[in-house]
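The figures that follow rest on heavy atoms only: side chains count, while hydrogens, waters and symmetry mates do not. Keep in mind that this is a model prediction, so the values were computed, not measured.
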Amino acid sequence: MCGRTACTLAPDDVSKACSYQDKQGRQKCPKWRDGDTDKYQPSYNKSPQSNNPVLLSLKHFQKDADSSERVLAAMRWGLIPSWFNELDPSKMQYKTNNCRSDTITEKALYKAPLFKGRRCVVLADGFYEWKRQDGEKQPYYIYFPQIKSEKFSEEQDMMDWNGQRLLTMAGLFDCWEPPSGGEPLYSYTVITVDSSKTMNCIHDRMPAILDGDEAIRKWLDFGEVSTQDALKLIHPIENITYHPVSTVVNNSRNNSMECIAAVILTQKKGPALSASSKKMLEWLQNKSPKKEESRSIIQSPKLSQFGVPPKKTSAGLMQQWLKKEDGEPSPKRAKK
């Protein structure tokens with residue numbers, strides 16, 4: 001699954017991070033599609049229906065371009081098929097944030113864009129996944145291992161990117177045109193596969209991640225690489241890393257560095273103890289009666305129910321003390 005990502009780079013930096021070599025061996029940075037830099041807003045907490053940076057072949061927009069040339073576009077997360085006939089795309093009844101690789105050639109939602117060559121690479125710093133443990137969900141941040149490099153200097157070629165390595169996820173996109181006219185809507189879905197050994201301890205599904213520029217080239221170049229060959233690139237990978245993060249990321253409205261900051265997990269703690277509970281715990285640790293006596297207090301009826309005063313044993317004293325702490329008055333001695 002992939003239902004939340006982080007993408008914090010500015011548009012110009014996204015372009016630099018996606019630099020590649022063209023067929024002539026020249027290093028190039030893909031340009032943004034006209035007007036799309038304004039649609040993309042960097043965020044530590046991006047959810048479906050937000051606009052995110054997507055890499056695709058320039059030939060999808062310029063028919064005379066080579067299919068190996070690349071362009072950046074801001075697309076809506078959650079695929080809206082070209083045949084959708086409602087006026088409002090938010091009325092789409094199906095969840096199309098993710099697309100399972102094992103049914104990609106069967107479902108009409110994804111089959112059409114797949115065989116039309118509408119393949120794309122979804123870009124992100126990393127994505128979030130939630131692990132179920134002890135009846136709760138612990139979020140994790142998952143990303144490519146980062147290689148530390150020297151700081152960027154002015155003498156270096158502006159094409160060289162020494163910042164973070166973006167996560168590159170395989171996706172499909174489609175173009176929906178409103179029935180009443182207006183600007184076409186480009187949207188995408190993230191392809192998912194069974195988790196790798198690295199990821200399986202967190203979740204049983206993961207995005208199909210393209211590891212390396214050669215894999216990206218083959219996935220994007222629909223003019224040279226057939227659908228059948230491109231699908232061979234869709235498989236789990238081990239070259240990822242992760243760390244636990246704060247549950248602040250659970251709310252998609254939270255957008256700060258705290259979302260991706262690593263946290264140290266501790267053993268599950270119970271609710272905070274009151275002052276009287278702490279005193280009782282201390283008493284039990286130092287002067288607790290035998291287990292047999294403790295069980296008799298829990299399981300046996302109160303002696304007062306039979307009109308018999310309790311004996312002044314340590315267990316009886318503890319019982320009276322607990323009542324006192326709970327606000328119950330101590331029983332008065334009957335006058336002789």
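Contact between R70 and L220 at its shortest, heavy atoms only, is CD-CD1, 4.0 Å. Here the shortest heavy-atom pairing between N239 and R165 reads ND2-NH1, 3.7 Å. Residue W176 comes nearest to L87 through the heavy atom pair CH2-O, 3.6 Å, listed as atom of the first residue, atom of the second, then distance. Taking every heavy atom of both residues into account, I234 and S101 meet most closely at CG2-CB, 3.8 Å. Closest of all the heavy-atom pairs between N52 and W77 is ND2-CB, 3.7 Å. Scanning all heavy atoms of the two residues, the minimum distance from I209 to M206 falls at CD1-CE, 4.0 Å.
Between I202 atom CD1 and Y128 atom OH the span is 13.5 Å, to the nearest 0.5 Å.
Within a 6.0 Å sphere centred on CD of E177, heavy atoms belonging to other residues, nucleotides or ligands number 12 at most. Crowding of K131 atom NZ: a count of heavy atoms from other residues, nucleotides or ligands under 6.0 Å exceeding 12. Dense packing is recorded around CD of E86, with more than 12 heavy atoms of other residues, nucleotides or ligands lying under 6.0 Å away. Enclosure of atom CG in D34 is not indicated, since only 12 or fewer non-hydrogen atoms of other residues, nucleotides or ligands lie within 6.0 angstrom. Few gaps surround NZ on K39; more than 12 heavy atoms of other groups in view lie less than 6.0 Å from it. Around the CD atom of Q228, the shell of radius 6.0 Å holds no more than 12 heavy atoms that belong to other residues, nucleotides or ligands. Atom NZ of K23 has more than 12 heavy atoms from other residues, nucleotides or ligands within 6.0 Å.
Here the side chain of N98 pairs no donor or acceptor atom with the backbone of G3 at under 3.5 angstrom. Panel note: side chain T168, backbone L210; a donor-acceptor pair is recorded below 3.5 Å. Side chain of K137 to backbone of T247: no donor-acceptor contact under 3.5 angstrom is found. In terms of modelled atom types and a separation under 3.5 Å, the side chain of N97 and the main chain of P48 share no donor-acceptor contact.
Within the structure, salt bridge (charged side-chain N to carboxylate O under 4.0 Å, His left out) contacts touching residues 225-239 (residues at least two apart or in different chains) are D229-K232. Applying the salt bridge (charged side-chain N to carboxylate O under 4.0 Å, His left out) rule to pairs touching residues 185-194 yields D194-R205, sequence neighbours excluded. Evaluation of the ring pair (Phe, Tyr, Trp, His ring centres under 6.0 Å) test over residues 22-74, restricted to residues two or more places apart or in two chains, returns W32-Y40, H60-F173, H60-F222, F61-Y186. Within the structure, the ring pair (Phe, Tyr, Trp, His ring centres under 6.0 Å) test picks out the following pairs touching residues 225-249 (sequence neighbours left out): Y140-Y242, Y141-H243, Y143-H243. Evaluation of the side chain to side chain donor-acceptor pair (under 3.5 Å) test over residues 112-124, restricted to residues two or more places apart or in two chains, returns R118-D174.
Looking only at side-chain heavy atoms (C-beta outward), L55 and W219 stay at 4.5 Å or farther from each other. A 4.5 Å side-chain heavy-atom check between L56 and M75 finds at least one atom pair inside the cut-off. At a threshold of 4.5 Å between non-hydrogen side-chain atoms, the residues L231 and L114 count as touching. For the pair N255 and Q41, the minimum side-chain heavy-atom distance is 4.5 Å or more. Using a 4.5 Å heavy-atom threshold, the side chains of Q49 and R76 count as touching. The shortest side-chain heavy-atom distance between D221 and S67 falls under the 4.5 Å cut-off. Between P30 and Y20 there is a side-chain heavy-atom pair separated by less than 4.5 Å. Counting heavy atoms from C-beta outward, D22 and D66 have side chains that stay 4.5 Å or more apart.
Applying the side chain to side chain donor-acceptor pair (under 3.5 Å) rule to D125 yields the partners T8, Q164; only residues at least two apart in sequence or on another chain are considered.
A salt bridge links K28 to E69: at least one charged side-chain nitrogen sits closer than 4.0 Å to a carboxylate oxygen.
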